[in-house]
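Heavy atoms only: backbone and side chains are in, while hydrogens, waters and symmetry mates are out. As the structure lists them, so they are numbered: ligands from 1, and atoms in each ligand from 1.
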Amino acid sequence: MDNRAIGVFDSGLGGLTAVRRMHEIMPEESIIYFGDTGRVPYGTRGRDTIIKYTLQDINFLMQYDLKAIVVACNTASAAALDTVRGECPVPVFGTVEPSCDKARSVTKNGRIGVIGTAATVRSGVFERSLCGAEPALHVRTLACPLFVPLVENGRVQRGDIVIETVVREYLQPMRDAGVDTLILGCTHYPLLRDVIADFMGGGVTLVDSGAEAANAVRRAVAPAADGAGKTRYFVSDDPAGFSQLASLFLQEDVSGPAGLVDISAY
Ligand code: DGL
């Protein structure tokens, strides 16, 4: 048993898709969540900036007594995981490896698509991870830069003409490529699951990178004692806006306001 909390962070709200899965499969765990809402998006930034932000996010979380950290952001995982793993005193879990493991286990035709932010796609980390383990795979990656701002604005529902148009525009090449597995390689994208699934069709399995990171933590860390864990939320800007949208991501009510953090001080 280990009752210490698990730290989770993302550039904004996307990492809450990992928290949602953690609440489902490990309700006894206490979680400290940080969303860098003052600096979102990370996906349009250069590697050095993403590494700097990631180290600050981890420095903030490490003030608490933690047993693990989840980088619930593919952009930060792609750019900074190797660097931060070397510097952090507790185990650090990213989104990329668990998502690739899952995709390899479900694909039947060996054609895997990956969608993510510009920085994630530019890094080439998904191709390296997927093909490094299985060189015969066909991997098609695609940046979808408009998805994050649309999700952060709550434009996620079926029937919303804006998101449906953008999904069609971006994902047509993925459909043409004949992938049978699509990694949602950004933790914001599971909010678009319905719209993406409608467009890609029933034969395509969607892999949720936030949920896969949560599954990996579940397998690896010593669990807390039985009983309900507590989740505390912190952001770097607009705590009221965060609390409103957070319930959409979590599919549960977020009680109480999020704490405000001056992340530049870390
Ligand atoms: N949720 C983050 C990810 O998984 C990215 C959003 C951003 O661009 O900041 O990649």
Side-chain angles (χ1 to χ4, degrees), residues 7-22 33-58 69-81 84 92-100 102-103 113-127 129 141-156 163 166 170 182-193 196 206-217 233 235-238 241-242 245-246 248-250 263:
V8 181
F9 74 91
D10 177 47
S11 57
L13 290 142
L16 294 174
T17 56
V19 174
R20 174 162 127 195
R21 178 75 179 152
M22 290 168 79
Y33 183 84
F34 174 66
D36 196 0
T37 51
R39 302 191 296 197
V40 67
Y42 284 9
T44 52
R45 300 180 195 272
R47 187 166 176 271
D48 290 348
T49 304
I50 298 167
I51 292 175
K52 177 178 143 196
Y53 287 178
T54 302
L55 286 168
Q56 288 179 316
D57 300 342
I58 288 182
I69 287 185
V70 183
V71 183
C73 174
N74 288 270
T75 307
S77 295
L81 199 63
V84 299
V92 182
F93 295 85
T95 48
V96 175
E97 292 152 33
S99 304
C100 291
K102 176 71 176 187
V114 183
I115 52 175
T117 66
T120 298
V121 167
R122 196 177 54 229
S123 76
V125 71
F126 276 97
E127 290 96 322
S129 175
T141 61
L142 192 69
C144 303
L146 289 175
F147 281 177
V148 168
L150 286 169
V151 169
E152 294 264 334
N153 282 283
R155 304 299 295 264
V156 299
I163 192 60
V166 175
Y170 277 148
L182 181 63
I183 299 180
L184 306 180
C186 169
T187 50
H188 282 70
Y189 299 176
L191 270 289
L192 301 174
R193 174 180 275 278
I196 292 174
L206 303 183
V207 175
D208 176 334
S209 54
E212 292 311 323
N215 292 339
V217 180
Y233 300 96
V235 291
S236 51
D237 196 12
D238 191 15
F242 173 87
L245 267 180
L248 176 69
F249 278 73
L250 288 167
I263 194 66

> Any salt bridge between Asp208 and Arg20, counting N to O under 4.0 Å?
Replying inline: no

Where is the nearest protein heavy atom to [atom]: which residue, which atom, and how far?
atom	value
atom 10 (O) of ligand 1	Thr75 OG1, 2.6 Å
atom 6 (C) of ligand 1	Ser11 OG, 3.4 Å
atom 8 (O) of ligand 1	Gly43 N, 2.8 Å

> Which bit of Thr187 gets closer than 4.0 Å to ligand 1, counting heavy atoms only: side chain, backbone, both or neither?
Replying inline: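 For Thr187, backbone and side-chain atoms both sit under 4.0 Å from ligand 1.
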
> Between the side chains of Ser236 and Asp36, does any donor sit under 3.5 Å from an acceptor?
Replying inline: yes

> Got a donor-acceptor contact below 3.5 angstrom from the Ser209 side chain to the Gly185 backbone?
Replying inline: no

> Which word best sums up how the rings of Phe242 and Tyr233 line up, parallel for under 30°, tilted for 30 to 60°, or perpendicular for over 60°?
Replying inline: tilted

Near [X], which atoms of ligand 1 are under 4.0 Å from a heavy atom of that residue?
X	result
Thr117	5 (C), 8 (O), 10 (O)
Asp10	1 (N), 2 (C)
Tyr42	7 (C), 8 (O), 9 (O)

> Can you find an N or O of His188 that's nearer than 3.5 Å to an N or O of ligand 1?
Replying inline: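 N/O-N/O distance under 3.5 Å: yes.
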
> So is Thr120 polar-close to ligand 1, meaning N/O to N/O under 3.5 Å?
Replying inline: no

>> For Arg47, is the CZ atom crowded, meaning more than 12 foreign heavy atoms sit under 6.0 Å from it?
In response: no

> Within less than 4.0 angstrom of ligand 1, does Gly116 place any heavy atom?
Replying inline: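 For ligand 1, residue contact (heavy atoms, under 4.0 Å) with Gly116 is absent.
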
>> Among Ile196, Ile183, Thr141, exactly one meets side-chain contact (heavy atoms from CB on, under 4.5 Å) together with Ile115. Which residue is that?
In response: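 The single option meeting the side-chain contact (heavy atoms from CB on, under 4.5 Å) with Ile115 is Ile196.
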
>> Within the structure provided, determine whether Leu16 and Asp10 are in side-chain contact (heavy-atom separation under 4.5 Å).
In response: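 No. Closest side-chain heavy atoms not under 4.5 Å.
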
